[in-house]
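The first residue of the sequence shown is numbered 1, and numbering continues consecutively from there. Every number for a ligand or one of its atoms is a count from 1 in the order of the listing. All figures in this text were calculated on a predicted structure; none of them were measured in a lab.
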Amino acid sequence: MKSNKSHNPADRIQDLQFFGEFGGVNPSVSDSATYTFLHAETMLDTFEGKTEGCYLYSRHSHPSGRYLSIALSRMENTEAALVTGSGMGAITSVLLHLLSAGDHIVSSRTVYGGTYAFMKNFLPKLNINTSFVDITKPEKVEEAIRPETRLIYTEVLSNPLLEVADIAALSKIARKHHIPLVVDNTFTPLVFSPANLGADIVIHSLTKFINGMNDMVGGAVCASQDFINDLLNVNDGAAMLLGPVMDSLRAAEVLKNLHTLPVRMKKHSENAHFLAREMEKRGIRVKYPGLASHPQHETFKRLMNPDFGYGGMLTVDLGTFDKAVKFMERLQDNNVGYLAVSLGYFKTLFNAPGKGTSSEIPEEEQVEMGLTDGLVRMSIGLDFNIRRTLDKILKVYDEISSVNA
Ligand SMILES: *Cc1c(COP(=O)(O)O)cnc(C)c1O
């Protein structure tokens, strides 16, 4: 599967062309758990991974998953991809595949709460330990590398602080130490192409922007053909043996939604950028990578793909948890969006990550990294009339801030 020539990931999605069995404009869905062989010998070869294009059993691979995997590998400009039943299924499979007892990870300290909990609480049971570092300082990453370090792990745009990791700089460090750079690109599909910047393995939670409908959970690993084959090896592949498979019907659904991702991403970014700019003008403590006030604004600009903006995520600091709670409840009352975890939905979603999605991170570490109780993370929706949304947000903000005034 050669990657296509265009370096624009939207073009690479646009250029996908799959036909259904009867000439359908969507590929046929194959809802079979197992597959027949005309010859017993072909079955044996398939078991050993020697046969191209044959299906054995759906925990290993299935045609609907394959279509989606091809599409995602084109988007990320990697040789291959694998889809999983959740983002955590992708993350845990990659980590457990690459690591053995005694190994060590250098990870960004601001990663998704589930990822953090897995590294901090679960992997030590297997004698695998993690050093969590400030990912915006590549020298700290290099200092943390030990002889037993097996990988560097980061998100491009971190959850929930929206810190930007310089993937190109981290890739140089990883290469120098002959270890892979594993990058979670869930917050910024299309906005960044980590593989083009030197990442070895790119992970997604499809649950968020990529599917965009909040009706399923799913994940993906985009990497070299060799690594994907290894993950699926029937004898020792983590993705085969742990069984994080995505269902065929779901894979077919996600593929259809992927086709609108370029248009959606652009709109999420436009809306978020507009709100951030307008809120900042009024003195609201808003953080958005598209604003010059964001500490890594220049890094973002240097590494981003053109056309998709600075992403759909912003944070607002209300000062105290009480105010954050009131702010969110009033936003929901005014139907600006929903008080809910997750992101990348057509409606705006907000939560207070200090006591929510990042509650796995101990309080003293939260303070150190600037994760305050008053922080509200917002995933900005696809509102057609974003000025009306701004007015509602400003009204709610004024109400909340006048309470103690
Ligand atoms: C949601 C999320 C995950 C986990 O994905 P699930 O699909 O919920 O398992 C991993 N990384 C990031 C950045 C996320 O936002």
| field | Leu206 contact mode with ligand 1 (heavy-atom cut-off under 4.0 Å) | value | neither
| said: Could you measure the distance from the CG atom of Asp134 to the OG atom of Ser158? Nearest 0.5 Å is fine. | reply: 9.5 Å
| task | Could you verify whether a donor N or O on one side chain and an acceptor N or O on the other, from Asn334 and Lys395, lie under 3.5 Å apart? | result | yes
| Of the options His268, His297, His294, His273, which is the one that meets Tyr288 in a ring-ring contact (aromatic ring centres under 6.0 Å, His included)? | His273
| field | Cation-pi check, Lys125 onto Phe122 ring (under 6.0 Å, within 45° of axis) | value | yes
| remark: closest protein heavy atom to atom 1 (C) of ligand 1 is Lys208 NZ, 1.4 Å
| Which option out of Thr207, Thr115, Asn159 puts a heavy atom nearest to atom 7 (O) of ligand 1? | Thr207
| field | Minimum-distance protein heavy atom relative to atom 9 (O) of ligand 1 | value | Met88 N, 2.8 Å
| said: Looking only at distances, can you tell me whether any N or O atom of Asp184, backbone or side chain, sits closer than 3.5 Å to an N or O atom of ligand 1? | reply: yes
| said: Taking the ring of Tyr310 and the ring of Phe300, is the distance between their centroids below 6.0 Å? | reply: yes
| query | Looking only at distance, does Leu343 have an N or O less than 3.5 Å from an N or O of ligand 1? | reply | no
| Would Glu155 and Thr186 count as having a side-chain donor-acceptor pair, cut-off 3.5 Å? | no
| remark: Of all protein heavy atoms, the one nearest atom 8 (O) of ligand 1 is Tyr112 OH, 4.0 Å
| request: Give a yes/no verdict on whether any heavy atom in Gly218 is under 4.0 Å from an atom of ligand 1. | output: yes
| remark: In ligand 1, the atoms that come under 4.0 Å of a heavy atom of Ile91 are 10 (C)
| For the residue pair Leu98 and Pro180, what are the closest heavy atoms and their distance? | CD1-CG, 4.3 Å
| Mind checking whether Gly87 has an N or O less than 3.5 Å away from an N or O of ligand 1? | yes
| task | Using a strict cut-off of 4.0 Å, indicate which atoms of ligand 1 neighbour a heavy atom of Ser86. | result | 7 (O), 9 (O)
| message | In this structure, is the centre-to-centre distance between the rings of Phe350 and Tyr338 below 6.0 Å? | response | no
